Amino acid sequence: MQPTGPVAPELERRFGEALAGAAAVAGLGPSSHNCQPWGLARLVSEDAREAAAALLGRACGRDEEYLVLALDRRRELVALPAHAVEMRVSCGAYWRTLLRGLAAQGWVPSRMEVSSNGCALPVRGWPPEWSPLCVAAVRYGEGSGERFEDLHALARDRRTRRGPYRTEPLAAGLLDALETARPVAQPQPDAVVVQHLTSRDQCAEFAAFCARRAGRDFSHPRAWRETHSYLRWSPAHAESEGDGFTLPQLFGPLSPVRHLAKRVLLHPRVLLPLCRLGYHHRLAGGLAATVRTGTPALVAMGFTAARPGPADALAGGARLADYWLAATEAGLALHPVSVVVQHEDLRQELRDQFGLEGRTFFVSRLGRPVDSAAPTARRPDATAHLTL
């Protein structure tokens, strides 16, 4: 039933409940370093709704709710140029899951517009640190048919698994299904290409690539200092910060002595001098060993546009969210190997060596995990939204 005047109070209340549920699910999404760089605003005041409608190029709809996705610059990674795209991909994954959660409850976008200038929204109370990424008008109507409870369960189960995977090959039919899976209609469906590398030779070659190149982040002073700022020394520390990752989440179970040793050796004042002696190659060798002995497949995603813009980055995040949730449903796990796409020379070398299509922005191990993994911490406001 559609309201004929201003948004009906009962429908407005129902949207608030649907949005709270969808935001709680979306807040479980992936992001680099678990930095959770997204912001979400619901525009309810007359001035705010008019501003959103103007951005969408139409009159304010009396039966529409308005949402704005933003990049929270207080939480973004900035050490490397590639982080600019990576942050928007993370926000795109959040946005996609949020919209899937709303559509599962009957609320679907009637119009969306990607913001390209990054200027603060002309709305009273808009946080100056938030850069708008996308504006959407949402109406109540026929939903997507996806069960909200199923989506929530998948988002809860989805997590990065850095340990070994079972080594038996993954069925070709399963990988084909993952390449095409789109449970809900997706904007810009052709903006991203997905490829799988499944032969033993390819996985071994990728392991060798990691051994040669994956030490770059450890030896890059600015990048490593930023990464180190997201290391959490205990579950309690992670819970209090609400972001980042613990050492066991990176390296697996550690004895107290090994935990202390890692904590000392990974400090920038210790690690960066050690890298001048080649210690970063040893750390890269650990990743290479994991890839070599416990990786049945790799997945790569690339932008089809030669020069991807803001809309492409959000589409990349949407594709990543759909893929990761579908993989979770199939009992698979992912372990992104971000270093190979965060440095331009490595990205190009990887593309050329493995014949990857498009402009690669995501590479990950893929397989059936051997061990369980604890969920990463979430900041209290990661599942909330701002009402303006």
Side-chain angles (χ1 to χ4, degrees), residues 1-29 38-72 91-115 120-127 130-149 151-152 155 183-188 310-311 314 317-318 321 381-388:
M1 182 179 70
Q2 301 287 340
T4 56
V7 178
E10 175 61 19
L11 206 57
E12 186 176 3
R13 180 190 64 79
R14 287 169 58 187
F15 179 74
E17 293 175 351
L19 180 60
V25 172
L28 299 172
W38 47 74
L40 177 67
R42 177 188 181 188
L43 306 184
V44 297
S45 70
E46 184 176 349
D47 289 346
R49 288 167 54 83
E50 291 288 351
L55 291 173
L56 293 171
R58 62 195 288 177
C60 184
R62 294 180 180 275
D63 59 347
E64 292 177 322
E65 293 278 355
Y66 293 94
L67 297 174
V68 182
L69 169 72
L71 170 66
D72 187 344
C91 290
Y94 169 89
W95 186 238
R96 171 63 168 172
T97 309
L98 178 92
L99 295 180
R100 278 181 61 174
L102 287 173
Q105 300 174 83
W107 295 88
V108 295
S110 56
R111 181 169 170 77
M112 284 198 296
E113 189 70 33
V114 174
S115 175
L121 206 67
V123 172
R124 181 179 299 176
W126 181 264
W130 282 19
S131 294
L133 298 179
C134 194
V135 182
V138 182
R139 282 196 178 105
Y140 186 72
E142 184 177 352
S144 62
E146 184 175 24
R147 279 174 41 88
F148 178 77
E149 294 78 8
L151 177 63
H152 195 182
V184 181
Q186 185 185 86
Q188 290 191 278
L314 294 184
D381 60 343
T383 60
H385 64 272
L386 188 65
T387 301
L388 299 173

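Everything numeric in this text was worked out from a predicted model, so none of it was measured.
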Side-chain contact, heavy-atom cut-off 4.5 Å: [X] with [Y]?
X      : Y     : result
Ser110 : Glu64 : yes
Trp130 : Val68 : no
Val138 : Leu19 : no

Roughly how far, to the nearest 0.5 Å, is the [atom2] atom of [Y] from the [atom1] atom of [X]?
X      : Y      : atom1 : atom2 : answer
Cys134 : Met112 : SG    : CE    : 5.0 Å
Leu40  : Asp72  : CG    : CG    : 12.0 Å
Arg42  : Glu12  : CZ    : CD    : 5.5 Å

Can you list the residues that meet the side chain to side chain donor-acceptor pair (under 3.5 Å) rule with [X], with sequence neighbours excluded?
X      : answer
Glu17  : Arg13
Ser131 : Arg73
Arg14  : Tyr140

In chain order, what residues pass the salt bridge (charged side-chain N to carboxylate O under 4.0 Å, His left out) check against Glu50, with sequence neighbours excluded? none
Search all heavy atoms of [X] against all heavy atoms of [Y] and return the closest pair with its distance.
X      : Y      : result
Pro122 : Ala51  : O-CB, 4.3 Å
Ala26  : Trp38  : O-CZ2, 4.4 Å
Ala321 : Ala93  : CB-O, 3.7 Å
Ser115 : Pro310 : O-CB, 4.1 Å
Leu151 : Thr97  : CD2-O, 4.2 Å
Val25  : Ala155 : CG1-CB, 3.6 Å

Listed by chain and number, what are the side-chain contact (heavy atoms from CB on, under 4.5 Å) partners of Ala24, not counting sequence neighbours? Thr383
According to side-chain contact (heavy atoms from CB on, under 4.5 Å), who are the partners of Ala52, at least two apart in sequence or on a separate chain?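 Applying side-chain contact (heavy atoms from CB on, under 4.5 Å) to Ala52 gives Leu43, Tyr66, Val135.
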Arg111 side chain to Leu56 backbone, donor-acceptor under 3.5 Å: yes
Run the side-chain contact (heavy atoms from CB on, under 4.5 Å) check on Leu55 and Leu121 step by step: do they pass? CA-CA 10 Å; Leu55 291 173; Leu121 206 67; 3.2 Å; yes
With side chain to side chain contact (heavy atoms under 4.5 Å, CB included) as the test, pick out the partner of Phe15 among Glu65, Glu10, Gln105. Glu65
Between Val114, Leu314, Leu99, Leu98, which is the residue that forms a side chain to side chain contact (heavy atoms under 4.5 Å, CB included) with Leu69? Leu314
Just checking Glu149: does its CD atom have more than 12 heavy atoms from other residues, nucleotides or ligands closer to it than 6.0 angstrom? yes
